[in-house]
Amino acid sequence: MASSARPRAATLTAAQARRIAVAAQGFTEAKPGGPVTRAHLRRLTDRIQVLQLDSVSVAVRAHYAPVFSRLGPYDRDILDRAAWSHSARSPRLLVEYWAHEAALMSVDDWPLLRWRMREYRHGRWGTEIVKKNARLADDIVAAVAALGPSTAGQIEAYLESEPRGRKGPWWDRSDTKWVAEALWSAGVLTTATRVGFARHYDLTERVLPADVVARQVDEVDAVRELTLRAATALGIGTEADLRDYFRLAARQVKPAIAELLAAGEIERVDVAGWSAPAYLRAGQTLPRKDRGTALLCPFDPLIFFRPRVERLFGFHYRIEIYTPAPRRQFGYYVWPFLVDGQLVGRVDLKADRTTNTLQVAGAFAEEGQPHPQVAAALAGELRSMAGWLGLDDVSVGERGDLVTELRRGLG
């Protein structure tokens with residue numbers, strides 16, 4: 001990557017900040033010349049820290065997409081094995097927890113969130129249900145100990161089959177899922193595997209290495225490390241940006257920033273047009289030109305904090321899944337399109353398995369962007385994505401100002 005020495009000036013331009021952010025997220029690196037390996041995945045997750053999980057599968061589930069966007073087509077089994085299986089030759093690399101929202105993160109980093117597990121000892125939501133069901137929590141732990149990796153439904157069926165002295169369970173049937181989720185949030189249970197995206201709970205000590213489970217990290221030290229990791233993954237960001245990456249509180253991040261500044265790990269800079277001071281990862285290089293082309297799923301770490309997207313790219317983006325169809329501006333599941341380090345368009349995608357086609361329900365160029373060039377770049381990325389998903393073709397619908405050129409680009 002062509003770059004100069006790290007910026008020393010107190011003020012950066014908006015374009016410089018954007019280039020730093022895109023490079024920090026790995027988009028300017030050359031894609032592997034051969035098959036993507038576990039080593040590639042490890043380096044990527046060390047860099048971006050989190051792969052957000054989401055249940056929507058209209059195109060591809062969210063955690064798979066950032067790897068494709070940075071490394072190109074890869075065998076998704078590599079990620080599945082890294083997250084949800086373990087063997088002597090291939091130890092588990094990733095674990096699920098609230099690392100942004102629900103996300104995959106490095107197994108070794110799990111102790112950095114013990115303070116959050118203590119905060120969530122009664123769960124993240126439905127805490128009153130959990131507090132009044134202490135007996136059920138004990139029974140769920142015992143059930144999982146006996147059953148091994150189990151879904152909430154399997155746990156519930158097991159508990160219902162146990163003799164209770166009267167017919168039927170003594171708890172509300174819906175409570176089992178609430179309490180199992182609370183135990184997951186508290187770190188008592190974790191995800192052993194997923195089958196059809198259904199979470200199979202197991203005792204944490206049976207899933208994670210003993211040294212990881214035993215490791216204790218003070219909250220102050222953990223938050224400082226998480227703030228530094230956020231700064232590294234972002235390249236440059238405001239306090240709000242740093243907080244959002246791991247969903248930290250202002251009371252935690254302010255002293256962490258002060259300590260990191262004093263240690264020379266980050267530098268305070270101003271960015272032209274930004275209303276708040278920014279923090280630059282020390283040693284960060286400044287790319288001389290805009291680079292990086294990729295389709296970005298709605299939960300990609302480059303864009304999951306929407307205020308930062310507007311600040312960096314001048315790109316207003318909201319996911320419209322929960323917006324009634326007649327009121328959607330761009331579509332149901334819209335992927336922003338990055339070309340040469342700038343967001344130049346957006347495309348509403350669906351993987352239609354019945355026709356074995358990647359469907360483009362709508363395609364839109366940002367104002368002022370040259371349609372033929374954007375469409376040509378987008379056509380190449382869509383073909384690559386269709387092949388990666390095992391789909392035979394790309395079809396283009398009627399919505400958007402880019403569809404005519406895109407059809408032409410697809411031939």
Side-chain angles (χ1 to χ4, degrees), residues 45 49-54 63 82-84 86 91-145 148-152 155 175-194 199-230 233 242-253 255-256:
T45 52
Q49 300 293 316
V50 296
L51 295 170
Q52 187 171 339
L53 295 160
D54 191 78
H63 58 289
W84 296 303
H86 174 85
R92 186 183 301 265
L93 181 65
L94 304 172
V95 63
E96 292 183 30
Y97 193 62
W98 298 115
H100 175 67
E101 288 299 312
L104 293 169
M105 62 184 293
S106 170
V107 164
D108 290 338
D109 293 342
W110 185 84
L112 294 176
L113 290 164
R114 280 191 177 277
W115 58 269
R116 181 167 285 164
M117 296 170 200
R118 291 191 292 271
E119 287 186 356
Y120 291 164
R121 63 189 179 279
H122 295 123
R124 187 177 180 186
W125 298 290
T127 56
E128 291 307 312
I129 295 173
V130 177
K131 289 176 183 177
K132 73 179 183 182
N133 277 296
R135 177 182 168 190
L136 177 57
D138 292 341
D139 284 352
I140 287 174
V141 171
V144 171
S150 312
T151 65
I155 295 167
D175 289 351
T176 306
K177 178 65 174 176
W178 280 108
V179 177
E181 281 292 290
L183 291 166
W184 183 85
S185 295
V188 177
L189 303 180
T190 192
T191 308
T193 190
R194 282 185 181 265
R199 178 181 285 150
H200 288 240
Y201 303 92
D202 202 356
L203 303 180
T204 296
E205 60 266 27
R206 295 202 300 211
V207 173
L208 302 186
D211 64 312
V212 170
V213 176
R215 192 181 312 144
Q216 299 292 328
V217 183
D218 177 82
E219 179 177 345
V220 171
D221 294 336
V223 169
R224 184 175 58 249
E225 179 63 26
L226 291 170
T227 303
L228 179 61
R229 292 183 185 216
L242 298 178
R243 289 201 318 261
D244 179 77
Y245 211 81
F246 290 103
R247 296 294 167 89
L248 303 171
R251 63 169 176 78
Q252 297 173 303
V253 169

Inset, instruction - Go through the steps to decide whether Asp139 and Val179 satisfy the test side-chain contact (heavy atoms from CB on, under 4.5 Å), and finish with yes or no. - result: CA-CA 10 Å; Asp139 284 352; Val179 177; over 6 Å; no

Legend entry - Pairwise distance CZ(Arg199) to CG(Leu53) - rounded to 0.5 angstrom: 7.5 Å

Inset, instruction - Answer yes or no: is there a side-chain heavy-atom contact under 4.5 Å between Tyr201 and Leu183? - result: no

Inset, instruction - Check Ile155 against Ser150 and note the closest heavy-atom contact, atom names and distance. - result: CG1-CB, 3.8 Å

Inset, instruction - Taking only Lys NZ, Arg NE, NH1 and NH2, and the carboxylate oxygens of Asp or Glu, determine whether Glu225 and Arg229 approach each other closer than 4.0 Å. - result: yes

Legend entry - Carboxylate-amine/guanidinium proximity below 4.0 Å for Arg116 and Glu119: no

Inset, instruction - Write down the atom of Val130, the atom of Ala182, and the distance for their closest heavy-atom approach. - result: CG2-CB, 3.4 Å

Inset, instruction - Quick one: pull up CG in Leu136 and CH2 in Trp178 and give me the separation to the nearest 0.5 Å. - result: 13.5 Å

Legend entry - Atom of Ala103, atom of Gln52 and distance for their closest heavy-atom approach: CB-CA, 3.9 Å

Inset, instruction - Identify whether the distance between the nearest side-chain nitrogen and carboxylate oxygen of Asp138 and Arg135 falls below 4.0 Å. - result: no

Inset, instruction - State whether the side chain of Arg92 and the backbone N or O of Ala192 hold a donor-acceptor pair below 3.5 Å, judged by distance alone. - result: yes

Inset, instruction - Using atom types as modelled and distance alone, determine if a side-chain donor or acceptor of Asp221 lies under 3.5 Å from a backbone N or O of Val217. - result: no

Inset, instruction - Keeping the roles fixed (side chain from Arg121, backbone from Arg118), state whether a donor-acceptor pair exists under 3.5 Å. - result: yes

Legend entry - Trp84 and His63 aromatic ring geometry - parallel, tilted or perpendicular at 30°/60° bounds: perpendicular

Inset, instruction - Could you walk me through whether His100 and Gln49 pass the side-chain contact (heavy atoms from CB on, under 4.5 Å) test, one step at a time? - result: CA-CA 10 Å; His100 175 67; Gln49 300 293 316; over 6 Å; no

Inset, instruction - Begin with the C-alpha distance, continue with both residues' side-chain angles, and end with the deciding distance and a verdict on side-chain contact (heavy atoms from CB on, under 4.5 Å) for Gln252 and Leu226. - result: CA-CA 10 Å; Gln252 297 173 303; Leu226 291 170; over 6 Å; no

Inset, instruction - Quick one: closest heavy-atom pair of Ala83 and Leu104, and the distance? - result: CB-CD2, 3.8 Å

Legend entry - Flag, side chain of Tyr97 to backbone of Ser185, donor-acceptor distance under 3.5 Å: yes

Legend entry - Side-chain (Thr204) to main-chain (Gly187) donor-acceptor, under 3.5 angstrom: yes

Legend entry - Side-chain ion pair, Arg124 and Glu181, N-O less than 4.0 Å: no

Legend entry - Val144 side chain near Asp202 side chain, heavy-atom distance below 4.5 Å: yes

Legend entry - Sidechain-backbone polar pair: Arg206 side chain, Pro149 backbone, donor-acceptor under 3.5 Å: no

Legend entry - Single hit among Trp125, Trp115, Phe246 for ring-ring contact (aromatic ring centres under 6.0 Å, His included) with Trp98: Trp125

Inset, instruction - Supply the atom-to-atom distance Thr151 OG1 to Arg194 CZ, rounded to the nearest 0.5 angstrom. - result: 12.0 Å

Legend entry - Nearest atoms (heavy-atom pairs only) where Pro209 meets Val107: CD-CG1, 3.7 Å

Legend entry - Smallest separation among heavy atoms of Ala256 and Arg224, with atom names: CB-CA, 3.9 Å

Legend entry - Between CG on residue Leu93 and CG on residue Asp108, distance to nearest 0.5 Å: 8.5 Å

Legend entry - Ser106/Thr45 under side-chain contact (heavy atoms from CB on, under 4.5 Å): CA gap, chis, key distance, verdict: CA-CA 7 Å; Ser106 170; Thr45 52; 5.8 Å; no

Legend entry - Under 3.5 Å donor-acceptor, Thr227 side chain and Val223 backbone: yes

Inset, instruction - Taking side-chain contact (heavy atoms from CB on, under 4.5 Å) as the test, write out the residues that go with Asp54, two or more places apart. - result: Val56, Ala62, Phe299

Inset, instruction - Could you check if a side-chain atom of Thr190 sits within less than 4.5 angstrom of a side-chain atom of Trp184, using non-hydrogen atoms only? - result: yes

Inset, instruction - Would you mind reporting whether Val207 and Val95 have side-chain heavy atoms less than 4.5 Å apart? - result: no

